[in-house]
Every structure is written in structure tokens, then in C-alpha cells.
Protein chains: 2
Amino acid sequence: MLDQTIDLDRTFQALADRSRRSMVERLTLGPASVSELARPLAMSLAAVVQHVQVLEACGVVRTEKVGRTRMCRIEPAAMTAAEQWITDRRRGWETRLDRLGDVLSEEAANSKEHP
Amino acid sequence: MLDQTIDLDRTFQALADRSRRSMVERLTLGPASVSELARPLAMSLAAVVQHVQVLEACGVVRTEKVGRTRMCRIEPAAMTAAEQWITDRRRGWETRLDRLGDVLSEEAANSKEHP
DNA sequence: CACATAGTGAAGTATCTACTTGACCATTGG
DNA sequence: CCAATGGTCAAGTAGATACTTCACTATGTG
């Protein structure tokens with residue numbers, strides 16, 4: 001429960017990279033090996049492994065070694081935390097706007113009552 | 001419409017920093033000047049200005065100079081794009097799980113029919 | 001066995017990030 | 001006017017990031 005901030009740092013950081021997002025997109029279709037994730041990307045396998053490690057460090061991806069291949073699957077709970085942070089901020093902002101709307105419509109009503 | 005990827009990069013990157021997230025949280029309560037944003041943070045005013053520029057570059061914050069103070073307000077549309085990206089991935093992941101659930105319950109039904 | 005495939009580990013590097021300091025400019029209030 | 005306040009600009013820096021290459025270790029397959 002504590003130190004969600006570090007996880008949020010890591011998760012947003014992880015999603016701030018196009019290659020890593022494309023890996024996540026691929027993994028929403030189902031589990032894949034590291035070299036499968038590497039195939040569409042123009043970089044070395046070693047680089048892809050490093051990206052996978054970033055995704056694993058923030059909990060967005062879980063991996064498991066099967067024989068000589070490392071299978072990756074998505075673990076959406078970590079992404080949900082990030083999503084939730086944004087949602088909460090938006091809700092705060094929207095309720096503030098709602099109150100502003102209330103004030104404005106109340107003022108409008110008052111000016112109708114006292115023209 | 002095109003090049004949302006760059007904006008997504010920038011938005012996630014912007015949110016990947018505790019100080020910037022705390023500025024966004026403050027701004028959901030209402031507009032604030034740069035020095036108001038700086039007050040609770042243990043860093044120089046110049047550093048805060050740079051953070052504000054990051055938030056402005058990805059569209060999450062809009063600023064306007066009034067006299068000698070720069071007022072900042074939140075612009076939630078940019079954050080919505082980031083939120084939406086996560087939501088879409090989760091939806092893809094969930095529907096995949098739903099289909100898996102269908103397959104499993106169908107298999108269960110079959111094994112009941114042919115025990 | 002021999003060879004290919006899949007990944008690991010370490011080291012190096014160019015670029016980016018999150019700051020700092022210090023000089024400077026603009027607005028405002030006494 | 002003049003001092004304080006609010007911000008700007010430029011330059012520098014320590015550490016992080018996103019790669020690379022190369023040497024190496026499993027693990028499958030003909």
C-alpha cells in the first residue's frame with residue numbers, strides 16, 4: 001500500500017516509451033517470448049530484454065523461463081494503478097467544474113430573481 | 001490525430017515524476033501561480049519553471065502570464081489520451097480473458113456431456 | 001555430436017533528465 | 001523612486017536511459 005509513488009513513477013516511465021508500449025500491445029493479444037517481442041522492433045535482442053526488464057520491474061509484465069525461451073505475459077493490475085491515478089485527478093477536476101457550474105447557474109437564477 | 005505516439009511519450013514521461021504529479025494534484029484544486037506550485041517543493045524556482053514547461057509541452061497544463069505572475073491551470077484532455085491508451089489495452093486484455101473463459105466453460109460442458 | 005536458436009552478462013557510449021547557480025528583467029507596492 | 005517579488009535565461013553537472021557489441025551459456029534439433 002505504501003510507496004505507490006515509486007511504482008507510479010516506474011509504471012508511467014515504462015509506458016513513456018514507444019517500443020515498450022508496442023510490446024504491451026502485443027502482449028494484450030496473448031503471451032509471447034522475448035524474441036517474438038523483438039521481431040517487429042529494429043533493435044538488438046539484448047535491448048529488448050532490457051525493455052522487458054523495465055516492464056517487469058514495474059509489475060506490468062510477468063515472465064517465466066520455459067526451456068531456453070522466456071515467456072512474457074501481461075499483468076494488468078500495475079497499469080490499473082496508473083490509470084486510476086489519472087481517473088482520480090480527472091474526477092477531482094470535473095467535480096470542481098461541476099461546483100463552478102452550480103455557482104454559475106445559481107448566479108443566473110439570482111439575477112433572474114433580482115433583475 | 002496522427003502522432004499521438006509522441007504526445008503519449010511526452011504525457012507518460014511528464015506523469016512519471018513525483019514532483020510533476022504533485023503539481024497536477026495541486027492544480028486539480030484550481031489555478032495556481034508558479035511560485036505557489038513551488039512552495040511545497042524542495043527545489044529552486046527555476047527547477048519548478050522547468051517542470052511546468054514539461055507539463056505544458058505535453059498539453060497537460062496551460063499557462064498565462066498575468067502581470068508578473070504566471071498562472072497555471074490544468075487541461076485534462078491530454079491526460080485523457082494517456083488514460084484512454086491504458087483503458088484500451090485493459091479492454092483488449094479483458095475480452096481475451098472473456099474468450100478464454102468461454103472456451104473453458106465450453107470444455108467443462110463437453111466433459112459433462114462426455115464423461 | 002554438431003549446429004542453430006534463445007537468451008544472459010558485462011561493458012561502453014551518446015543522449016536525456018533533473019536539477020543547480022548566478023546574472024538578469026519586469027511588475028508592483030510603499 | 002527603489003526595494004521586494006515573480007519570473008526568465010544560460011550554462012554547467014551528476015546521474016539515468018536507451019541503446020550497442022561481444023563473449024558466453026543453456027537448450028533444442030537433424
Side-chain angles (χ1 to χ4, degrees), chain A residues 3 5-27 30-73 78 82, chain B residues 3 5-27 30-73 78 82:
Chain A
D3 261 349
T5 59
I6 291 177
D7 284 335
L8 274 183
D9 277 17
R10 283 210 257 251
T11 305
F12 280 128
Q13 181 71 44
L15 297 179
D17 183 281
R18 196 160 144 55
S19 310
R20 283 193 295 259
R21 281 201 309 277
S22 83
M23 294 180 195
V24 169
E25 284 175 8
R26 166 62 190 81
L27 289 174
S33 69
V34 173
S35 32
E36 230 169 314
L37 292 178
R39 197 127 36 223
L41 299 173
M43 65 181 72
S44 71
L45 183 64
V48 173
V49 171
Q50 285 169 51
H51 280 307
V52 168
Q53 284 167 353
V54 171
L55 289 168
E56 210 175 358
C58 70
V60 164
V61 159
R62 205 159 24 98
T63 79
E64 182 194 4
K65 197 139 190 191
V66 180
R68 66 181 163 178
T69 82
R70 176 171 296 281
M71 288 305 283
C72 312
R73 67 190 63 244
Chain B
D3 260 351
T5 60
I6 292 177
D7 284 336
L8 274 184
D9 276 18
R10 282 210 259 252
T11 305
F12 280 128
Q13 181 71 45
L15 297 180
D17 184 280
R18 239 207 317 285
S19 309
R20 283 193 295 258
R21 281 201 308 278
S22 82
M23 292 180 195
V24 168
E25 284 175 8
R26 166 63 189 80
L27 289 174
S33 69
V34 172
S35 32
E36 229 168 315
L37 292 178
R39 197 125 37 220
L41 300 173
M43 66 181 73
S44 71
L45 183 63
V48 173
V49 170
Q50 285 169 52
H51 280 306
V52 168
Q53 284 167 352
V54 171
L55 290 168
E56 210 174 358
C58 69
V60 164
V61 158
R62 206 158 25 95
T63 79
E64 182 195 3
K65 197 137 191 193
V66 180
R68 68 184 161 175
T69 84
R70 176 170 298 278
M71 287 307 283
C72 311
R73 66 191 65 241

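We name chains A, B, ... by the order of the sequence lines, and we start the count at 1 in each one.
- In this structure, the side chains of A/H51 and A/M43 come closer than 4.5 Å at one or more pairs of heavy atoms.
- If you take CD of A/Q50 and P of C/dG12, they are 15 Å apart, rounded to a whole angstrom.
- To the nearest angstrom, C1' of C/dA18 lies 11 Å from CE of B/M23.
- Residue contacts for A/R18: at a heavy-atom cut-off of 4.0 Å it reaches no nucleic acid atom on any strand shown.
- A search for salt bridge (charged side-chain N to carboxylate O under 4.0 Å, His left out) contacts involving B/R20 returns nothing, not counting sequence neighbours.
- Using modelled atom types, no side-chain atom of B/S35 and backbone atom of B/A38 make a donor-acceptor pair closer than 3.5 Å.
- In terms of position along DNA chain D, the nucleotide closest to A/V54 lies nearer the 5' end than the nucleotide closest to the other residue of the pair A/V54 and A/G67.
- In terms of the salt bridge (charged side-chain N to carboxylate O under 4.0 Å, His left out) criterion, B/E56 has no residue partners (sequence neighbours excluded).
- For A/R68, the salt bridge (charged side-chain N to carboxylate O under 4.0 Å, His left out) test picks out no residue, with sequence neighbours left out.
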Enumerate all atom pairs, one protein N or O and one N or O from nucleotides 7-9 of chain C, separated by less than 3.5 Å.
from	atom 1	to	atom 2	distance (Å)
C/dG7	OP1	A/V34	N	3.3
C/dG7	OP1	A/R70	N	3.0
C/dG7	OP2	A/S35	N	2.9
C/dG7	OP2	A/S35	OG	2.4
C/dT8	OP1	A/R70	NE	2.8
C/dT8	OP1	A/R70	NH2	2.9

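- When DNA chain D is scanned 5' to 3' for any atom under 4.0 Å from a heavy atom of chain A, the first and last hits are D/dA18 to D/dG28.
- Listed for the A/R21 side chain is a donor-acceptor partner under 3.5 Å among the backbone atoms of A/L15.
- Protein atom CZ of A/F12 is 17 Å distant from nucleotide atom P of C/dT17, rounded to whole Å.
- Under a 3.5 Å cut-off, the side chain of A/E25 and the backbone N or O of A/S22 do not form any donor-acceptor pair.
- For the OP1/OP2 pair of C/dT17 and a distance below 4.0 Å, the side-chain nitrogens and oxygens of B/H51 include no atom meeting the criterion.
- In this structure A/R73 satisfies the side-chain hydrogen bond (donor to acceptor under 3.5 Å, both in side chains) test with no other residue, sequence neighbours excluded.
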